Asker: 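Got a structure here, written out as structure tokens. Questions coming.
Scope of the values below: all heavy atoms of this structure, side chains included, with no hydrogens, waters or symmetry mates. These figures come from a predicted structure and were not determined experimentally. Positions are given from 1 along the sequence.
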Amino acid sequence: MFNKLIRKNDKRINIHLDERKENAQKEQLPSHIAIIMDGNGRWAKKRSLPRIAGHHEGMKTVKKITRFANEVGIDTLTLYAFSTENWKRPKMEVDFLMRLPEEFLGTYLPDLIEQNVQVRMMGNHEMLPEHTKRAIYKAMDETAKNDGLILNFAMNYGSRDEIVQAVKRIAQEIQQDKISVDDITEELMTKHLMTKDLSEPDLLIRTSGEVRLSNFMLWQLAYTEFWFTDTLWPDFDEACLLEAIEIYQKRNRRYGGLKGEEVN
Ligand code: FPP
């Protein structure tokens, strides 16, 4: 009896990734997954490597997870690559992080094009170095017509900054008599955010054991399911993403209401 239980458990763990993927695809998938990619520094420290080695390894995970998310059938993947607060890091680390999009897109853009991925970016573009912008704009331009996965990089992104900018634009529209105060609704706010062309995330993942939002998509995450894992971002792999999706699929999303059987 005990052996039978162990065998059953082993079998469950050993179900091949493809089979788990196919099972997940039979159920409702999260359309938009947002990820706070954390733990690059600790990954490097554990190996006595400089922090930037962790970011470089993290870049490879971006490649792996983008391909897999696209294969699974996720519509949008938003990745928190650089926050408005990350400028406080040592200049050498900031410079390295600003070079990563160039390296990533320089190496993988042909693959992304082949995979029908559309590259986008949200954040305050102005402060980014020219070389960073050039690489991202080129990728956005060359993938604009693709209709597979949307790979949305949050670069120099901060949610409070995004909300402040949205409020300023709405105030200007009122000043210019284009709209009135009564026109301010949740929909209007949503249309003034950097995500105006995207659905709200269904699933938020944060790696590395930290359990906070760090100024990420505060408006958009209002009804999102959260999943936190201790895995460091460079170690995050296809099986981890599937685990997050499987857990998401077991959740009961109520959006503040009740499900049919709970009404009575
Ligand atoms: C947080 O880990 C991670 C970042 C601030 C950078 C994330 C960037 C990548 C994963 C690469 C992005 C790739 C492209 C293509 C843009 P941390 O440094 O805070 O880790 P720690 O908490 O362990 O120190």
Asker: Same cluster or not: Phe226 versus Ile35, using hydrophobic residues (I, L, V, M, F, W, Y) connected whenever any side-chain heavy atoms lie under 4.5 Å apart?
Answerer: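 Different hydrophobic clusters.
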Asker: Can you tell me if Glu114 has over 12 outside heavy atoms packed within less than 6.0 Å of its CD?
Answerer: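 Result for CD/Glu114: open.
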Asker: Heavy atoms only: give me the nearest Asp235-Cys240 pair and the separation to one decimal.
Answerer: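 Closest approach of Asp235 to Cys240: O-SG, 4.4 Å.
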Asker: Apply the test side chain to side chain contact (heavy atoms under 4.5 Å, CB included) to residues Asp202 and Glu225: give CA-CA distance (whole Å), side-chain angles for both, the deciding distance (0.1 Å), then the verdict.
Answerer: CA-CA 6 Å; Asp202 301 290; Glu225 295 294 328; over 6 Å; no
Asker: Near Lys45 NZ, under 6.0 Å, is it more than 12 heavy atoms from other residues, nucleotides or ligands?
Answerer: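 Counting other residues, nucleotides and ligands, NZ of Lys45 stays at 12 neighbours or fewer.
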Asker: Give the minimum heavy-atom separation between Leu105 and Ala135, together with the two atoms involved.
Answerer: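 Looking at all heavy atoms of both residues, the shortest contact is CD1-O, 3.6 Å.
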Asker: Could you give the distance from OG1 (Thr61) to CG (Leu79), rounded to the nearest 0.5 Å?
Answerer: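 Answer rounded to 0.5 Å: 10.5 Å.
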Asker: What is the distance from atom CD of Gln176 to atom CD1 of Ile174, rounded to the nearest 0.5 Å?
Answerer: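 Taking CD in Gln176 and CD1 in Ile174, the distance rounds to 10.5 Å.
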Asker: Thr132 versus Asn156: any side-chain heavy-atom pair under 4.5 Å?
Answerer: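 Contact flag for Thr132/Asn156 side chains = no.
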Asker: Group every Ile, Leu, Val, Met, Phe, Trp and Tyr by side-chain heavy-atom contacts under 4.5 Å, then state whether Tyr80 and Ile205 land in the same group.
Answerer: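 Different clusters.
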Asker: Would you give the length of the straight line joining atom OG1 of Thr66 to atom CG of Leu151, rounded to the nearest 0.5 angstrom?
Answerer: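 One gets 4.5 Å once the value is rounded to the nearest 0.5 Å.
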Asker: Indicate the ring-plane relationship of Phe216 and Tyr157, choosing parallel, tilted or perpendicular according to the 30° and 60° boundaries.
Answerer: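 Because their plane-to-plane angle is over 60°, the rings of Phe216 and Tyr157 count as perpendicular.
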Asker: So, taking the atom named NE2 in His192 and the one named CD1 in Ile170, what distance separates them when rounded to the nearest 0.5 Å?
Answerer: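 The NE2 atom of His192 sits 5.0 Å away from the CD1 atom of Ile170.
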Asker: With clusters defined by side-chain heavy atoms of hydrophobic residues (ILVMFWY) lying less than 4.5 Å apart, directly or transitively, does Ile150 cluster with Ile245?
Answerer: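 Different clusters: Ile245 never reaches Ile150 through Ile, Leu, Val, Met, Phe, Trp or Tyr contacts under 4.5 Å.
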Asker: Report, as yes or no, whether the 6.0 Å neighbourhood of atom OH on Tyr137 holds more than 12 heavy atoms from other residues, nucleotides or ligands.
Answerer: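 Yes - once you tally the heavy atoms of other residues, nucleotides and ligands closer than 6.0 Å, there are more than 12.
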Asker: Nearest heavy-atom pair of Pro30 and Ile74: which atoms, and what distance?
Answerer: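 Closest pair (atom of Pro30, atom of Ile74, distance): O-CD1, 3.3 Å.
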Asker: Mind checking whether Trp87 and Phe82 have side chains closer than 4.5 Å, heavy atoms only?
Answerer: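 In short, these two side chains touch, coming nearer than 4.5 Å.
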Asker: Should we count CD of Gln28 as having more than 12 external heavy atoms under 6.0 Å?
Answerer: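 Open: at most 12 neighbouring heavy atoms sit under 6.0 Å from CD of Gln28.
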Asker: Between His56 and Glu103, does the side-chain hydrogen bond (donor to acceptor under 3.5 Å, both in side chains) criterion hold? Intermediate values first, please.
Answerer: CA-CA 10 Å; His56 197 260; Glu103 183 177 344; 2.7 Å; yes
Asker: Is the number of heavy atoms from other residues, nucleotides or ligands under 6.0 Å of Glu186 CD greater than 12?
Answerer: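 Result for CD/Glu186: open.
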Asker: Do the side chain of Asn23 and the main chain of Arg20 share a donor and acceptor less than 3.5 angstrom apart?
Answerer: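 Absent.
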Asker: Side chains of Lys63 and Asp111, heavy atoms from C-beta outward: is any pair under 4.5 Å?
Answerer: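 Side-chain contact under 4.5 Å: yes.
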Asker: Hey, are Arg206 and Ser214 close enough side-chain-wise for a donor-acceptor pair under 3.5 Å?
Answerer: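 Short answer, yes.
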Asker: Any link between Leu17 and Leu29 through a network of hydrophobic side chains (Ile, Leu, Val, Met, Phe, Trp, Tyr) touching at under 4.5 Å?
Answerer: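 Same cluster: Leu17 reaches Leu29 through Ile, Leu, Val, Met, Phe, Trp or Tyr contacts under 4.5 Å.
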Asker: Mind listing the closest non-hydrogen atom pair of Ala69 and Leu77 along with its distance?
Answerer: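 In this case the closest contact between Ala69 and Leu77 is CB-CD2, 4.3 Å.
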Asker: Would you tabulate the side-chain donor-acceptor contacts of residues 91-99 under 3.5 Å, counting partners in other chains and residues two or more places apart, or write 'none'?
Answerer:
residue : atom : partner : partner atom : Å
Lys91   : NZ   : Asp95   : OD2          : 2.7
Glu93   : OE1  : Arg51   : NE           : 2.9
Glu93   : OE2  : Arg51   : NE           : 3.4
Glu93   : OE2  : Arg51   : NH2          : 3.2
Glu93   : OE2  : His55   : NE2          : 2.7
Glu93   : OE2  : Arg89   : NH1          : 2.8
Arg99   : NH1  : Glu102  : OE1          : 3.2
Arg99   : NH1  : Glu102  : OE2          : 3.3
Arg99   : NH1  : His131  : ND1          : 3.4

Asker: Tell me, do Asn40 and Leu232 make a side-chain contact under 4.5 Å, heavy atoms counted?
Answerer: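 Heavy-atom side-chain distance check fails, nothing below 4.5 Å.
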Asker: Among Thr76, Thr78, Asn152, which residue satisfies the side chain to side chain donor-acceptor pair (under 3.5 Å) criterion with His32?
Answerer: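 In the set Thr76, Thr78, Asn152, the residue that makes a side chain to side chain donor-acceptor pair (under 3.5 Å) with His32 is Thr78.
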Asker: Could you list all the salt bridge (Lys or Arg N to Asp or Glu O under 4.0 Å) pairs where at least one residue sits in residues 151-180, not counting sequence neighbours?
Answerer: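 Qualifying pairs, neighbours excluded: none.
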Asker: In terms of ring plane angle, is the pair Trp233 and Phe236 parallel, tilted or perpendicular, where the classes change at 30° and 60°?
Answerer: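 Answer is parallel, since the angle falls under 30°.
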Asker: CD/Glu57 to CG/Leu49 distance, rounded to the nearest 0.5 angstrom?
Answerer: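 Glu57 atom CD to Leu49 atom CG measures 9.0 Å (nearest 0.5 Å).
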Asker: Would a distance-only check, ignoring hydrogens and angles, find a side-chain to backbone donor-acceptor pair under 3.5 Å from Gln25 to Val72?
Answerer: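 At least one qualifying donor-acceptor pair exists.
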Asker: Is there side-chain contact between Lys133 and Met121, with at least one heavy-atom pair below 4.5 Å?
Answerer: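 When only atoms from C-beta onward are counted, Met121 and Lys133 do not touch, as no gap falls below 4.5 Å.
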Asker: May I have the step-by-step check of side chain to side chain contact (heavy atoms under 4.5 Å, CB included) for Gln220 and Leu193, ending in yes or no?
Answerer: CA-CA 9 Å; Gln220 297 89 338; Leu193 296 176; 3.8 Å; yes
Asker: What about Met194 and Ile136, same hydrophobic cluster or not, with Ile/Leu/Val/Met/Phe/Trp/Tyr joined at side-chain heavy-atom distances under 4.5 Å?
Answerer: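 No, separate clusters.
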Asker: Supply the atom-to-atom distance Ile33 CD1 to Leu204 CG, rounded to the nearest 0.5 angstrom.
Answerer: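 Ile33 atom CD1 to Leu204 atom CG measures 10.0 Å (nearest 0.5 Å).
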Asker: Quick one, Phe104 and Leu112 - any side-chain contact, counting heavy atoms below 4.5 Å?
Answerer: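 In contact.
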Asker: Do Leu213 and Leu221 have side chains that get closer than 4.5 Å, going by heavy atoms?
Answerer: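 Result yes, sub-4.5 Å side-chain heavy-atom pair found.
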Asker: Could you go through Asn215 and Ser159, starting from their C-alpha distance and side-chain angles, then the distance that decides it, and tell me whether this counts as side-chain hydrogen bond (donor to acceptor under 3.5 Å, both in side chains)?
Answerer: CA-CA 5 Å; Asn215 201 14; Ser159 186; 4.5 Å; no
Asker: Under the criterion side chain to side chain contact (heavy atoms under 4.5 Å, CB included), I'd like the reasoning laid out for Thr207 against Ile36: C-alpha separation, chi angles, the key distance, then a yes or no.
Answerer: CA-CA 7 Å; Thr207 58; Ile36 303 177; over 6 Å; no
Asker: When you measure from the side chain of Gln249 to the backbone of Ala24, do you find a donor-acceptor pair of N or O atoms at a distance under 3.5 Å?
Answerer: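 Between the backbone of Ala24 and the side chain of Gln249 there is a qualifying donor-acceptor contact (under 3.5 Å).
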Asker: Would you indicate whether the side-chain heavy atoms of Leu149 and Asp75 approach each other to under 4.5 Å?
Answerer: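 Asp75 does not reach Leu149 side chain to side chain.
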Asker: Which atom pairs, one a donor and one an acceptor, fall under 3.5 Å between side chains of residues 140-147 and the rest of the protein, sequence neighbours left out?
Answerer:
residue : atom : partner : partner atom : Å
Glu142  : OE2  : Lys138  : NZ           : 3.3
Thr143  : OG1  : Val119  : N            : 2.9
Thr143  : OG1  : Ala139  : O            : 2.7
Asn146  : ND2  : Val117  : O            : 2.8
Asp147  : OD1  : Asn116  : ND2          : 2.7

Asker: Which atoms form the tightest heavy-atom contact between Trp43 and Gly54, and what is the distance?
Answerer: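 In this case the closest contact between Trp43 and Gly54 is CE3-CA, 3.8 Å.
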Asker: Answer yes or no: is there a donor N or O on one side and an acceptor on the other, between the side chain of Thr185 and the main chain of Leu188, under 3.5 Å?
Answerer: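 Yes, because the side chain of Thr185 sits within donor-acceptor range (under 3.5 Å) of the backbone of Leu188.
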Asker: Check the pair Phe153 / Val62 against side chain to side chain contact (heavy atoms under 4.5 Å, CB included), numbers first and verdict last.
Answerer: CA-CA 10 Å; Phe153 284 111; Val62 170; 4.1 Å; yes
Asker: Please give me the minimum heavy-atom distance between Met217 and Pro201, naming the atom from each residue.
Answerer: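 Heavy-atom minimum between the residues: CE-CG, 3.7 Å.
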